There are 2 protein chains.
Amino acid sequence: MKWDALEEEPCSLARTVAVIGDRWSLMILRECFLRKRRFDAFQASLGITRHLLADRLKKLVRFGVLRRIPYMEAPKRYEYILTQKGLDLYPIIMSIVHWGNIHMVDSRGRPMLHEHKTCGKHFDPLMICSECGEPVLAKEVQVHPGPGAREAVASKGRKTKASPA
Amino acid sequence: MKWDALEEEPCSLARTVAVIGDRWSLMILRECFLRKRRFDAFQASLGITRHLLADRLKKLVRFGVLRRIPYMEAPKRYEYILTQKGLDLYPIIMSIVHWGNIHMVDSRGRPMLHEHKTCGKHFDPLMICSECGEPVLAKEVQVHPGPGAREAVASKGRKTKASPA
DNA sequence: CGATAGAGTTCTGTTTTAGAACTGTCAATC
DNA sequence: GATTGACAGTTCTAAAACAGAACTCTATCG
């Protein structure tokens, strides 16, 4: 399966994975949320090859996650800033960081702490249900096909071809 | 940078990306959360090559995200089920799906709807602060180095080498 | 006996990625 | 006024990852 094919899948996970589902895109986004915005800054702190960095930035711009704005004429220089669409990725980034905090830290503890400026405390992100406000657990969630689902092929038995989410 | 190097980084995001930061791992996990658990079931609904599927399953087992349990002797057959560590990935999966629901759907709408069995309603996941219960926005979060941070090289000025999170 | 199912492994050829060097423009320095 | 350095890339080659298809092995089914 090609990356382009992922985008076409009737599955919100696959489509999002087409945008951010490689290690470098996620690492670049980490830098963006840490207020980095220039080519060399990304390159220095990530150790990514310049070739791939150029490529990934292009991709993220193409998907509308980053915007490329000139900050200097002659020579033209650009910086990359998060669009609203990009900012909306924050819960993904935070939940990834949180999982790492719980399951991947060594004996020294967390590399980074997050302070919620609104309340002034170090916090962890918590995922709750938009309707009842209770924490959401995998076992308590039932999925149903939505309007954008692929038509189920309805072959005999319990064999429905695809499994979008 | 190799995948192994990512694991070593003093950054919870990098370490998590080392585990799930490729398209197939995320797609496999989607299937796991949809209760798929067998090799051929994964292969059929993902269209991944068998080679890569075997490889990714091995990786996810090695990282303790999946457990490989025999469900049949002679011939030995195994199925892959989520460990607690794997189940804890749910917020990541859900936030990815949610972003896709908001930003990547076509005119037909969402491919899939999620029902919170606890309250019986279709819902979206919401990320809140564990301390004050308010929704968390990127701009309201300040990061600080934690105990597991790499020693900052403290060069002159505002130039700290790495940017873990 | 031959066919089918399940869970992989092996093979070959194509894509992606890593790592390093190169380009081009401007500003500041020797 | 030639040289160096910052910045934002592009180009090159070799190494690694991936796609697609075929093959293996055990066991049951008709």
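Small disclaimer: the values here were computed from a predicted structure and weren't measured. Here is the naming used below: chain letters follow the sequence lines, and residue numbers restart at 1 for every chain.
Side-chain heavy atoms closer than 4.5 Å link hydrophobic residues (I, L, V, M, F, W, Y) into clusters, and following such links, even through other members, never connects Val143(A) to Leu113(B). Tracing side-chain contacts under 4.5 Å through hydrophobic residues (I, L, V, M, F, W, Y), one never reaches Leu89(B) starting from Ile81(B); they form parts of separate clusters. Under the 4.5 Å side-chain contact rule for hydrophobic residues, Leu52(A) and Ile28(A) share a cluster.
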Using a cutoff of under 3.5 Å, can you pull out all pairs of nitrogen or oxygen atoms linking the protein to nucleotides 17-24 of chain C, with atom names and distances?
| residue | atom | partner | partner atom | Å |
| --- | --- | --- | --- | --- |
| dT17(C) | OP1 | Arg56(A) | NH2 | 3.0 |
| dT17(C) | OP2 | Arg56(A) | NH2 | 3.4 |
| dA18(C) | OP1 | Arg23(A) | NH2 | 3.4 |
| dA18(C) | OP1 | Met1(B) | O | 3.3 |
| dA18(C) | OP2 | Trp24(A) | NE1 | 3.4 |
| dG19(C) | OP2 | Met1(B) | N | 2.9 |
| dG24(C) | N2 | Arg77(A) | NH2 | 3.0 |

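Between Tyr78(B) atom OH and dT9(C) atom P there is a gap of 11 Å when expressed in whole angstrom units. For the pair Glu73(B) CD and dA7(C) P, the interatomic distance rounds to 14 Å; values are reported in whole Å. Here dA7(C) presents its C1' atom at 11 Å from CD of Gln43(B), a figure rounded to the nearest Å.
In summary, Asp106(B) and Arg15(A) engage in a salt bridge, as defined by a charged side-chain N under 4.0 Å from a carboxylate O. Ion pairing between a basic and an acidic side chain is recognised when a charged N comes within 4.0 Å of a carboxylate O; Arg37(B) and Glu79(B) show such pairing. Using a 4.0 Å cut-off between a side-chain N of Lys or Arg and a carboxylate O of Asp or Glu, Lys59(B) and Asp22(B) qualify as a salt bridge.
At the heavy-atom level, Tyr71(B) lies under 4.0 Å from the strands shown only through sugar-phosphate atoms.
For the pair Arg68(B) and Tyr78(B), the cation-pi test (distance below 6.0 Å, angle within 45°) is passed. For the pair Arg38(B) and Tyr71(B), the cation-pi criterion (under 6.0 Å, within 45° of the ring axis) is fulfilled.
Note on Tyr80(B): a side-chain N or O is less than 4.0 Å away from OP1 or OP2 of dG8(C). Taking 4.0 angstrom as the limit, Lys58(B) places a side-chain polar atom (N or O) nearer than this to OP1 or OP2 of dT9(C). In this structure, Arg37(B) does not reach the dG6(C) phosphate: none of its side-chain N or O atoms is under 4.0 Å from OP1 or OP2.
Along DNA chain D, read 5' to 3', the first and last nucleotides having any atom under 4.0 Å from a heavy atom of chain B are dC18(D) to dA27(D).
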